[in-house]
Amino acid sequence: MDEQAQRHSLWVATTPDFPEYPPLNGDAAADVLVIGGGMTGLQTAYLLKLAGLSVILVERHRLARGTSGHTTAKVTALHGLTYDHLTRTFGREAAQVYAAANVAALDDIVGIVRRETIGCGLERSAACTYATTDDERARVEREVRAAQEAGLTVEFRDDLPLPYETLGGAWLEGQASLHPVRYLKALAELVHGGGCRVHEMTTALDLDEAAALVRTDRGVIRAQHVVVATHVPIFDHGPLSMRLMARRSYVVAAPLPDPLAGMYISASGNHRSVRTQEIDGQQWTITNGEPHRTGEGGDERERYLRIRGWTDDRFVLGQRYYDWATQDVFTVDDLPFIGRYRKEDARVLIATGFKGWGMAHSMVAARIISDAVQRKDNDWAGLYDPWDRSFTKGAGALFSQAAESIKALVIDKLISGDPACTHMGCTTKWNEAERSWDCPCHGSRFDEHGEVLNGPAIRALKSPPAAGG
Ligand SMILES: Cc1cc2nc3c(=O)[nH]c(=O)nc-3n(C[C@H](O)[C@H](O)[C@H](O)COP(=O)(O)OP(=O)(O)OC[C@H]3O[C@@H](n4cnc5c(N)ncnc54)[C@H](O)[C@@H]3O)c2cc1C
């Protein structure tokens, strides 16, 4: 086969029959409005519909084309080096709640796939965080101890079934992987109809918090509850945004003759993730790495080359492949925000900050939000509530987030003529690899014509310079 790069997602490319849903056509009302058609929005809408509520879901572009359509889609409760950090920062009980929530979410997703007979290539396999240096090995060993104390049946394994050398890793059996776009396609079909509606090409523009009313570009929607499942808190310009940042990383998918046993991520700073997926009889390897703060990647083309080179060296022999970049959101204390959008009011709910582990966490969010809407108790809600935690937990990251924002708001503005982000006015940076304007403050991105690619920005750039200035 000729060597050929397809600069888009394997998942989107292998789901050509994703139906289109009509835009909203005038004003509407429902029990719940869900904004955003990724893992968080569609799973939340699905649970709310099952509970007998009427739901309208609106999506700015097409469904499942955000981070959920570009992820590596490991559904697991083992999240790199998370449990040691959680135990040290929030205590053992918090780590136990986190583990229980993610294990239950994994079971929920597997249960939905089986109950609804969704053809999304669900496979059960082990998840592994591996080491390649002595320092990483020490950190992985600490992670194993903390994860065990949190209740996971993790073990340290020296002999990993990888085709390259490692110093062993944390190993958790019974996790899962799937084709995320085929999973979300099926969920959308289950949500749409029977008193519930899905609308694509419909952008939420403004939120009236007091009235739980959202103005879109296609009409006004009134609801008892609004779920902001837009990956980032699009209507927020302060208390949530100041505690969030976005990080991009790079994915390569290429044919591989045999599947790998297990799903892997390295403990290194330039993280290297790998797993395989069978799609319509073809085995694919999916690798990922080279993370950086959005807007701060240097020459992003180099990052594509590095992850491609790493993949070629270990797995692939110059065959047709896909590569793409995408981004996830991180909170300053590394614990997602799930729950009340504002401290005083539980009618508007939010889920964000999944820090690269949003497959299981989006289902944790769907459960917490669906319980909040139905006024049911939820054992995990306290841990994730954005307002029920001390700012001191992530003080260092909060400080560097503030410094980055001041730099992009004041200093970069003085020395560069690059366009100002329409979210909070930070100076964007040109990304030649994606031909986009990327904002380092909160991760908004705009195409070369100024149209929004990633929030929190809602509105297009005003007259961007021609193709990268
Ligand atoms: C490279 C990479 C690999 C990853 N791999 C894994 C993994 O293996 N396992 C794992 O657990 N997690 C992984 N993650 C994280 C995970 O994929 C994400 O956390 C998750 O997909 C986020 O889902 P979401 O629904 O919150 O956001 P999205 O999927 O981004 O959905 C948000 C939607 O909201 C829409 N929207 C935005 N603004 C508006 C508006 N104004 N009006 C209407 N709609 C709007 C967007 O268009 C988008 O469709 C990875 C992340 C990255 C970056």
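Along the sequence shown, the residues carry numbers beginning at 1. Just so you know, these numbers use all the heavy atoms, side chains as well, and skip hydrogens, waters and symmetry mates. Counting convention: from 1, in listed order, for ligands and their atoms alike. Remember, predicted model here, so these are calculated numbers, not experimental data.
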task = Tell me which protein heavy atom sits closest to atom 9 (N) of ligand 1, plus the residue, atom name and distance to 0.1 Å.
result = K74 O, 2.8 Å

key: H237 side chain reached by P456 side chain, heavy atoms, under 4.5 Å   = no

task = Give yes or no for whether the N/O distance cutoff of 3.5 Å, strictly under, is met between F354 and ligand 1.
result = no

ask   = Using the benzene-type ring in the case of Trp, are the ring centres of Y164 and W310 under 6.0 Å apart?
value = yes

remark   = So the atoms of ligand 1 within less than 4.0 Å of a heavy atom of M39 turn out to be 25 (O)

key: Numbered atoms and elements of ligand 1 in range of G38, under 4.0 angstrom, heavy atoms   = 25 (O), 29 (O), 31 (O)

request  = Classify the side-chain pair E434/Y304 by whether it contains a donor and acceptor separated by less than 3.5 Å.
outcome  = yes

query = Would A73 count as a contact of ligand 1 if the rule is a heavy atom under 4.0 Å away?
reply = yes

ask   = Between T72 and ligand 1, which part of the residue brings a heavy atom under 4.0 Å of the ligand: side chain, backbone, both or neither?
value = both

request  = May I ask you to check whether the SG atoms of C426 and C441 are separated by less than 2.5 Å?
outcome  = yes

ask   = When only distance counts, is G69 in polar contact with ligand 1, meaning an N/O pair under 3.5 Å?
value = no

query = Does ligand 1 have any atom sitting under 4.0 Å from a heavy atom of G37?
reply = yes

Derivation and outcome, side-chain hydrogen bond (donor to acceptor under 3.5 Å, both in side chains), residues S249 and E290 = CA-CA 5 Å; S249 64; E290 294 292 318; over 6 Å; no

key: Heavy-atom nearest neighbour of atom 53 (C) of ligand 1 within options V34, V329, T326   = T326

request  = Would you tell me which option among A365, G66, A229, A351 has the nearest heavy-atom contact to atom 32 (C) of ligand 1?
outcome  = A229

key: Subset of ligand 1 atoms that lie under 4.0 Å from at least one heavy atom of M359   = 9 (N), 10 (C), 11 (O), 12 (N)

key: Heavy atom of the protein closest to atom 17 (O) of ligand 1 (residue, atom name, distance)   = T71 OG1, 2.9 Å

message = For atom 41 (N) of ligand 1, what's the nearest protein heavy-atom neighbour? Residue, atom name and distance, please.
response = A204 O, 3.1 Å

query = Hey, are T422 and K462 close enough side-chain-wise for a donor-acceptor pair under 3.5 Å?
reply = no

ask   = Under 3.5 Å between some N or O of ligand 1 and some N or O of G356?
value = yes

ask   = So, Y98 versus H361, ring centres under 6.0 angstrom or not?
value = yes

ask   = At what distance, to the nearest 0.5 angstrom, does NE2 of H442 lie from CG of D236?
value = 8.5 Å

task = For ligand 1, find out whether one of its N or O atoms is nearer than 3.5 Å to an N or O atom of N288.
result = no

query = Just by distance, with hydrogens left out, do S362 and T40 show a side-chain donor and acceptor under 3.5 Å apart?
reply = no

task = Scan side-chain atoms only and decide if Q282 and W284 contain a donor-acceptor pair under the 3.5 Å cut-off.
result = no

Close side-chain approach of T216 and I221, heavy atoms under 4.5 Å = yes

Polar atom proximity, T40 to ligand 1 (N or O, under 3.5 Å) = yes

request  = Have a look at ligand 1 and work out which part of T202, if any, has a heavy atom under 4.0 Å from it: side chain, backbone, both or neither.
outcome  = backbone

ask   = Are the aromatic ring centres of H70 and W11 under 6.0 angstrom apart?
value = no

key: Closest protein heavy atom to atom 21 (O) of ligand 1, given as residue, atom name and distance to 0.1 Å   = S68 OG, 2.9 Å

key: Protein heavy atom at shortest distance from atom 22 (C) of ligand 1   = H231 CD2, 3.8 Å

query = Should you measure from each heavy atom of S249, which atoms of ligand 1 turn up under 4.0 Å away?
reply = 1 (C)

inquiry  = Is the shortest side-chain heavy-atom distance between F235 and L205 below 4.5 Å?
reply    = no

Residues 347-354 side chain polar contacts: donor-acceptor under 3.5 Å, at least two apart:
{"unit_1": "R347", "atom_1": "NH1", "unit_2": "A210", "atom_2": "O", "d": "3.2"}
{"unit_1": "R347", "atom_1": "NH2", "unit_2": "E209", "atom_2": "O", "d": "3.4"}
{"unit_1": "R347", "atom_1": "NH2", "unit_2": "A210", "atom_2": "O", "d": "2.6"}
{"unit_1": "T352", "atom_1": "OG1", "unit_2": "H231", "atom_2": "O", "d": "2.6"}

ask   = In the protein, what heavy atom is nearest to atom 15 (C) of ligand 1, and what distance, to one decimal place, separates them?
value = D328 OD2, 3.2 Å

Atoms of ligand 1, numbered as shown, that sit under 4.0 Å from any heavy atom of T203 = 41 (N), 42 (N)

request  = Between T67 and ligand 1, find which residue part has any heavy-atom pair under 4.0 Å and reply side chain, backbone, both or neither.
outcome  = both

inquiry  = Within ligand 1, which atoms have a heavy atom of Q327 less than 4.0 Å away?
reply    = 53 (C)

remark   = Among non-hydrogen protein atoms, atom 39 (C) of ligand 1 lies closest to T230 CG2, 3.6 Å

query = Starting from atom 34 (O) of ligand 1, which protein heavy atom do you reach first, and at what distance in Å?
reply = G36 CA, 3.3 Å

request  = State whether the shortest distance between N or O atoms of I458 and N or O atoms of ligand 1 falls below 3.5 angstrom.
outcome  = no

query = Under 3.5 Å, is there a donor-acceptor pair linking the side chains of N288 and H271?
reply = yes

task = Please find out if less than 6.0 Å separates the ring center of Y130 from that of W171.
result = no

key: Selected option - heavy-atom contact closest to atom 47 (O) of ligand 1, from E59, Q43, R60   = E59

